[in-house]
Amino acid sequence: MPADTRWFSLDDIEKAAQNTLTKEHADFFAGAAGDESTLRSNRDAFERIRLRPRVLRDVSSRSTGITLLGRHLDTPVIVSPTAFHRLAHPDGEIATARAVAAANTVMIVSMAATTRIEAIGEETERWLQLYLQPDGDFTTALVQRAEKAGYGALVVTVDSPVLGRRERDHRNGFHDLPAGLRCENMVDDAGTLRSIAMDASVTWESVDRLRAVTGLPVLLKGVLHPDDARRAVDHGVAGIVVSNHGGRQLDGTVATIDALPAIAEAVPDGFPLILDGGVRRGIDVVRALALGASAVGIGRPVLWGLAAGGQDGVSQVLDLLRTEVDEALALCGVSRPDHLDPDVIWTGPPTHRRVPKHPGGHP
Ligand SMILES: Cc1cc2nc3c(=O)[nH]c(=O)nc-3n(C[C@H](O)[C@H](O)[C@H](O)COP(=O)(O)O)c2cc1C
Ligand SMILES: CC(C)CC(=O)C(=O)O
């Protein structure tokens, strides 16, 4: 289906996607844990942050490019890992990967992909997301496949010792993929399809063990506490995704944009920090980069793009955001992402005591 040119925002694409999905699949994509308060606060927190642009700064020559893990990307927006792309569109992860390659950015492929990791285009910079499995040999075998297929990094999701309670899925009775779809990378050497285990026993030593079996950079996804960020640096990880899993794990967590400044403070300058959760506008990207992110990730918008228009739909999501970032930078008086700093963020009304205009109270 060709992507619709009347889409002017991610919100338009979300609406178009709703018309193509069953209720149970739309709810699986949109939903979050518990009361979904974290889902809402990821957005609310962005909207509370006000910008204070600079003027008269010649922003006629601009770039939205960044460097992430040594690689040049044309946009600071990368694709966070999301499960089951073939639920959204028959071309699934392959369509997403092509759109990501066209945008020259990064796709983090979910361990719950409905396509074999080897079939997801080599032309795309892709990293593999992992839930560390209780069977370490299975994880190692998958890591070796990713290395052989040219994946650039591993992203270990660490916010999921158990699966969050997503009430929409329970109400809808959505527990299984429809016939013909499965987690293609969970098939072991014996040809048996395994379930993805959420292993509640993982520790920092599990991360060390993973690092010992791979030469790929290892990032951690789902860090919200600055002490964990420090610890990640000490354990030699290559980057952190500041994430609350789009509100799908622990409901009631801090919004990611509110967690970011303390984490940015805790890690060395230039340490790769990716933020995801609620990024829907170019101004959100500017807010996150100004507060210390190196890049941002988007989850649900990619699924909406896929559902609404396959590869073209994902391209529209990435292109819209890149255009909005470019315009937001210009309007902030900044010509490139790495020139953003907290100075562009309004810090609130001055807290000093107001001096009365007319001392003594006489007009
Ligand atoms: C439908 C869906 C599936 C997801 N699957 C995974 C996954 O397999 N692994 C993972 O680490 N995170 C997963 N996430 C979380 C995303 O990587 C990301 O953290 C989150 O979606 C970002 O928030 P956003 O959707 O507001 O952009 C999933 C999120 C959604 C919405
Ligand atoms: C298969 C799921 C565990 C994927 C996931 O992380 C999610 O739905 O948030």
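When reading the values below, keep in mind they use all heavy atoms of this one structure, side chains included, and skip hydrogens, waters and symmetry mates. For clarity, every value in this text was computed on a predicted model and none was experimentally measured. Indexing begins at 1, ligand by ligand and atom by atom, following the structure's order.
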Problem set entry | contact_flag Phe84 ligand 1 heavy-atom lt 4.0 Å |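 Contact absent.
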
Exercise. Should Leu303 be listed as contacting ligand 1, given a heavy-atom distance under 4.0 Å as the test?
Worked result: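 Within the 4.0 Å threshold, so yes.
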
How close does the nearest protein non-hydrogen atom get to [atom], and which residue and atom is it?
atom                    : value
atom 11 (O) of ligand 1 : Thr157 OG1, 2.7 Å
atom 8 (O) of ligand 1  : Ser110 OG, 2.7 Å
atom 5 (N) of ligand 1  : Ala83 N, 3.2 Å
atom 27 (O) of ligand 1 : Gly299 N, 2.9 Å
atom 12 (N) of ligand 1 : Lys221 NZ, 3.0 Å
atom 14 (N) of ligand 1 : Pro81 O, 3.3 Å
atom 20 (C) of ligand 1 : Gly246 N, 3.6 Å
atom 23 (O) of ligand 1 : Gly277 CA, 3.4 Å

Exercise. Who's touching ligand 2 if we go heavy atoms under 4.0 Å?
Worked result: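 Around ligand 2, where the cutoff is 4.0 Å for heavy atoms, the contacting residues are Phe28, Ala83, Phe84, Ala112, Tyr131, Leu163, Arg166, Met198, His245, Arg248.
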
Do ligand 1 and [X] have nitrogen or oxygen atoms that lie under 3.5 Å from each other?
X      : value
Arg248 : no
His245 : yes
Met111 : no
Asp276 : yes
Gly297 : no

What's the separation between atom [atom1] in [X] and atom [atom2] in [Y], rounded to the nearest 0.5 Å?
X      : Y      : atom1 : atom2 : value
Trp304 : Arg280 : CH2   : CZ    : 4.0 Å
Leu275 : Asp284 : CG    : CG    : 9.5 Å
Leu289 : Ile66  : CG    : CD1   : 7.5 Å

Exercise. Does a donor on one side chain and an acceptor on the other come within less than 3.5 Å for Gln249 and Arg165?
Worked result: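 There is no such pair (donor and acceptor under 3.5 Å, judged by atom type) between the side chains of Gln249 and Arg165.
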
Exercise. Counting heavy atoms only, which part of Gln249 comes closer than 4.0 Å to ligand 1: side chain, backbone, both or neither?
Worked result: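 Neither; no heavy atom under 4.0 Å.
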
Ionic contact status for [Y] with [X], cut-off 4.0 Å:
X      : Y      : result
Arg54  : Asp343 : yes
Arg62  : Asp326 : yes
Glu184 : Arg116 : no
Arg230 : Asp227 : yes

For this session: With sequence neighbours excluded, tell me which residues meet salt bridge (charged side-chain N to carboxylate O under 4.0 Å, His left out) with Arg40.
Result: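 Here no residue qualifies.
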
Exercise. Among all residues two or more places apart in sequence or in another chain, which pass the ring-ring contact (aromatic ring centres under 6.0 Å, His included) test with His25?
Worked result: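 Once residues adjacent in sequence are excluded, the partners of His25 under the ring-ring contact (aromatic ring centres under 6.0 Å, His included) criterion are Phe174.
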
Problem set entry | Nearest atoms (heavy-atom pairs only) where Ala30 meets Arg168 |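 The pair with the smallest heavy-atom distance is CB-NH1, 3.9 Å.
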
Exercise. What residues form a side chain to side chain contact (heavy atoms under 4.5 Å, CB included) with Gln144, not counting sequence neighbours?
Worked result: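 Residues passing side chain to side chain contact (heavy atoms under 4.5 Å, CB included) with Gln144: Thr140, Glu147.
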
Problem set entry | Ring centroid separation Phe84 to Phe28 under 6.0 Å |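 Ring centroids of Phe84 and Phe28 are less than 6.0 Å from each other.
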
